[in-house]
There are 2 protein chains.
Amino acid sequence: MASTVRRPSRVAKLPPRERILDAAEELFQREGIRRVGVQAIAEKAETTKMAIYRHFETKDELVAEWMRIVAADYQAAFDRVRTEYPGRPREQILGLARFIAEGLPAVSHRGCPFINTLAELPDRSHPARQVIEKHKAHQTRRLVGMCTEAGLPDPEQAAAEITFVLEGAQVSTQNGSIDQAGDRLMRIVEGIVDRHRPPLGSPRATVD
Amino acid sequence: MASTVRRPSRVAKLPPRERILDAAEELFQREGIRRVGVQAIAEKAETTKMAIYRHFETKDELVAEWMRIVAADYQAAFDRVRTEYPGRPREQILGLARFIAEGLPAVSHRGCPFINTLAELPDRSHPARQVIEKHKAHQTRRLVGMCTEAGLPDPEQAAAEITFVLEGAQVSTQNGSIDQAGDRLMRIVEGIVDRHRPPLGSPRATVD
DNA sequence: TCCACACGATACCGCTCGGTATCACTAGGG
DNA sequence: CCCTAGTGATACCGAGCGGTATCGTGTGGA
C-alpha cells in the first residue's frame, strides 16, 4: 500500500478535484459533515488543505457540490428505469424502489446522505440545503408523472405514499427497527402500484 | 391567567437540572447537537457551564438524557391511545398516526429528533444512539402487537409499512417535498388498517 | 530555453469547543 | 451557632476548527 503512495506522478492519479470529492464523499457519508475537518479530507485525498481551497470557495460549497453529485446519481437512476422500461410506468416505479432497496445494506447504520445532511444543516439558506430541496421537489414531480402514467387514480397521493415508504425504509434501516427492510419495501411498493389496477382495456395497461 | 405556568426567572425558577434539560432540548432541536455548545445551553438555562457538569458527566450524557425524555414522550403517546381506545386496535393505530401527523407542523424544516440525532452520531456505541435504537425496537414491538390485535393478516409487514410511512412523512416534511403531509399520512394509514379487514367470523391471527 | 501556473508543504490566525480548577455565596439542618 | 452541600461566576486549558499567507517545486507549452 505504501508503495503505491510513493509514486506521485507515474501512477495515473485522478486530478486533485476528483480526489477531493471522492474523499469528501466517503468521509461525509461515514462520519457526518461536521465531524470531518478539511484537513482530514485533504489527507484522505492525498493532497493539502490549500489545494481544496483552490477548488472550492468554502467547506460549505464542497458539501453542496457533494450533494449535487449524489442528486445526479439519483437522477441517473430515474433516467435508467425510464429507458429500461419505456412506456411501462409500473415497472419504472418498481425499478426505482429496487434501486433504493438494493442500496439499503450499503448505507445501513448511516442512512441516506440527504436526510443526514439536512439534519446537520438547519440553516435553510445553506447552499447544500437548497440543492437537496430542489432535488427532492424535482424527484417528486417526476414520480407524480410516473403515477399518472401508471393510471393510479390519485397520482399525487400515490407519489406521496411511495415517497414516504422509500424515505422511511432508509430511516428504519438506519435505526435498526425493521429487519429485511428491502424485501418489505418491495412488497409495499408492489402493493401500491397494483392496488388500483387500471380497468381492463386501458391503453396504458402493462404488458407481460 | 398563565402566571401559574409561567416561570419568571427570579421568583420560582425550576431546579437547575430541569432548566438545563429544557434549554438543551430547545437548542438541540432547533440547531442540532454539534452546533450547540455547552456554554450556550448554560446561558439559555440561566446557569453556568459548571452547573451542567455537576448534573451530567459529559455533553454526550446530556444528549442521551434528552433522548430518554423524547422517547418517554412517544411512549406516553402509545399509552394514551391504548387507554383512550381500549380493545380497539384500529383506532389505536390511527391515534398514533394522528399524534405524528399533528406534530408535523411543529417540527417542519427541523424534523424528528431521533432521525436528526442519529444523523449526527455515527458512532453506534454512543449512549444516545443506544437509547434511540432500544426505543425504536420497543416501539416496533408494540406496533406489531397492535397490528396483530387488529387482525391484519401479516402484522409484521403491516407494522413495517406503518413505520415507514410515519418516518417518511417526517422526512418529507423536513425537506419540503410533500405538502399536506399530515392529511396524506392519515389517509395512507387509514388505507393500511382498512385494506385487509378480517372476514366476519374469522379466527384471530396467530400471535408470536 | 524560459516562463506561467497549478500543485505541495508548512506555518499561522482567530475562534470555539468540551471540560476543569478555583473561589465566593447562600440556604438549611444539627 | 456553625457546617455542609449545592450553586453562581470567572478564568483557564489543550485541541481542533475553517480559512489564509508564503514559499518551494515540478511540468508542459511556446
Side-chain angles (χ1 to χ4, degrees), chain A residues 2 4-24 27-28 30-67 117 120-123 125-129, chain B residues 7-24 27-28 30-67 117 120-123 125-129:
Chain A
T4 61
V5 179
R6 276 283 176 200
R7 270 159 287 217
S9 56
R10 302 199 45 105
V11 176
K13 272 205 282 193
L14 284 161
R17 186 187 154 92
E18 316 302 319
R19 300 203 316 269
I20 292 166
L21 282 170
D22 284 351
L27 288 176
F28 285 158
R30 197 176 57 203
E31 310 274 350
I33 294 172
R34 293 187 55 90
R35 296 187 92 91
V36 173
V38 180
Q39 173 72 31
I41 299 172
E43 284 170 10
K44 188 166 195 70
E46 295 182 55
T47 177
T48 63
K49 227 160 54 151
M50 269 314 296
I52 293 182
Y53 282 102
R54 273 197 272 266
H55 288 279
F56 304 93
E57 278 198 359
T58 64
K59 183 191 179 185
D60 287 338
E61 259 308 318
L62 173 58
V63 175
E65 190 63 25
W66 170 48
M67 283 292 97
T117 300
E120 291 202 79
L121 305 178
D123 179 9
S125 66
H126 193 289
R129 182 148 190 148
Chain B
R7 309 192 291 269
S9 51
R10 292 295 187 78
V11 199
K13 273 205 283 195
L14 284 164
R17 185 187 156 92
E18 316 303 318
R19 299 200 322 263
I20 292 165
L21 282 170
D22 284 352
L27 289 176
F28 286 158
R30 197 177 55 203
E31 311 273 350
I33 294 172
R34 294 188 52 92
R35 296 188 90 90
V36 173
V38 181
Q39 173 72 31
I41 298 172
E43 285 171 10
K44 187 166 195 70
E46 295 182 58
T47 178
T48 64
K49 227 160 57 152
M50 271 313 298
I52 293 181
Y53 282 102
R54 282 197 196 97
H55 289 279
F56 304 92
E57 279 198 359
T58 62
K59 183 190 178 186
D60 288 338
E61 259 308 317
L62 174 57
V63 175
E65 190 63 24
W66 170 48
M67 284 291 98
T117 300
E120 290 201 78
L121 305 179
D123 180 10
S125 66
H126 193 290
R129 182 149 189 147

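The figures that follow rest on heavy atoms only: side chains count, while hydrogens, waters and symmetry mates do not.
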Inset, instruction - Ignoring backbone atoms, establish whether A/R19 has a side-chain N or O less than 4.0 Å from OP1 or OP2 of C/dG8. - result: yes
Inset, instruction - Assign a letter to each nucleotide of nucleotides 11-17 of chain C from its 5' end: B, base within under 4.0 Å of a protein heavy atom; S, sugar-phosphate only; -, no contact. - result: -------
Inset, instruction - Side-chain contact test, heavy atoms from C-beta onward, threshold under 4.5 Å: evaluate it for A/V38 versus A/Y53 and give yes or no. - result: yes
Legend entry - Protein-nucleotide distance (B/E57, atom CD; C/dT20, atom P), rounded to Å: 10 Å
Inset, instruction - Please check the phosphate of C/dA6 (OP1 and OP2 only) for any side-chain N or O of A/H55 closer than 4.0 Å. - result: no
Legend entry - Distance in Å, A/R35 CZ paired with B/D123 CG, rounded so as to fall on 0.5 Å steps: 7.0 Å
Legend entry - Over all atoms of both residues, closest heavy-atom pair of A/A23 and A/I41: CB-O, 3.8 Å
Legend entry - Rounded distance (Å) that lies between atom C1' of D/dG18 and atom CZ of A/R54: 16 Å
Legend entry - Side-chain N,O (A/T48) to OP1/OP2 (C/dA9) below 4.0 Å: no
Inset, instruction - Whole angstrom is fine here: how far is it from CD1 in A/I52 over to P in D/dT20? - result: 13 Å
Legend entry - hbond_proxy B/R17 side chain to D/dG6 base (donor-acceptor, 3.5 Å cutoff): no
Legend entry - For the student: nearest non-hydrogen atoms of A/T48 and A/A42, plus distance: C-CB, 3.4 Å
Inset, instruction - Would you kindly give the CD1-to-C1' distance between A/I41 and D/dG16, to the nearest whole Å? - result: 14 Å
Inset, instruction - Enter the distance from A/K49:NZ to A/R54:CZ here, rounded to the nearest 0.5 Å. - result: 13.0 Å
Legend entry - B/E46 backbone acceptor or donor facing B/R19 side chain under 3.5 Å: yes
Inset, instruction - Let me know the distance between CD of A/E43 and P of C/dG8, rounded to the nearest Å. - result: 14 Å
Legend entry - Euclidean distance, atom CG of residue A/L62 to atom C1' of D/dG19 [Å, nearest integer]: 14 Å
List the atom pairs, with distances to 0.1 Å, where a side-chain N or O of residues 56-65 of chain A and a protein N or O form a donor-acceptor pair under 3.5 Å, not counting sequence neighbours.
residue : atom : partner : partner atom : Å
A/T58   : OG1  : A/D60   : N            : 3.3
A/T58   : OG1  : A/E61   : N            : 3.2
A/K59   : NZ   : A/I33   : O            : 3.0
A/K59   : NZ   : A/V36   : O            : 2.8
A/D60   : OD1  : A/H126  : NE2          : 3.0
A/E65   : OE1  : A/R68   : NH1          : 2.7
A/E65   : OE2  : A/R17   : NH2          : 3.4

Inset, instruction - Report the distance from atom CZ of B/F28 to atom C1' of C/dG18, rounded to the nearest whole Å. - result: 12 Å
Inset, instruction - Take atom CD of A/E120 and atom P of D/dC17, then tell me their distance rounded to the nearest Å. - result: 14 Å
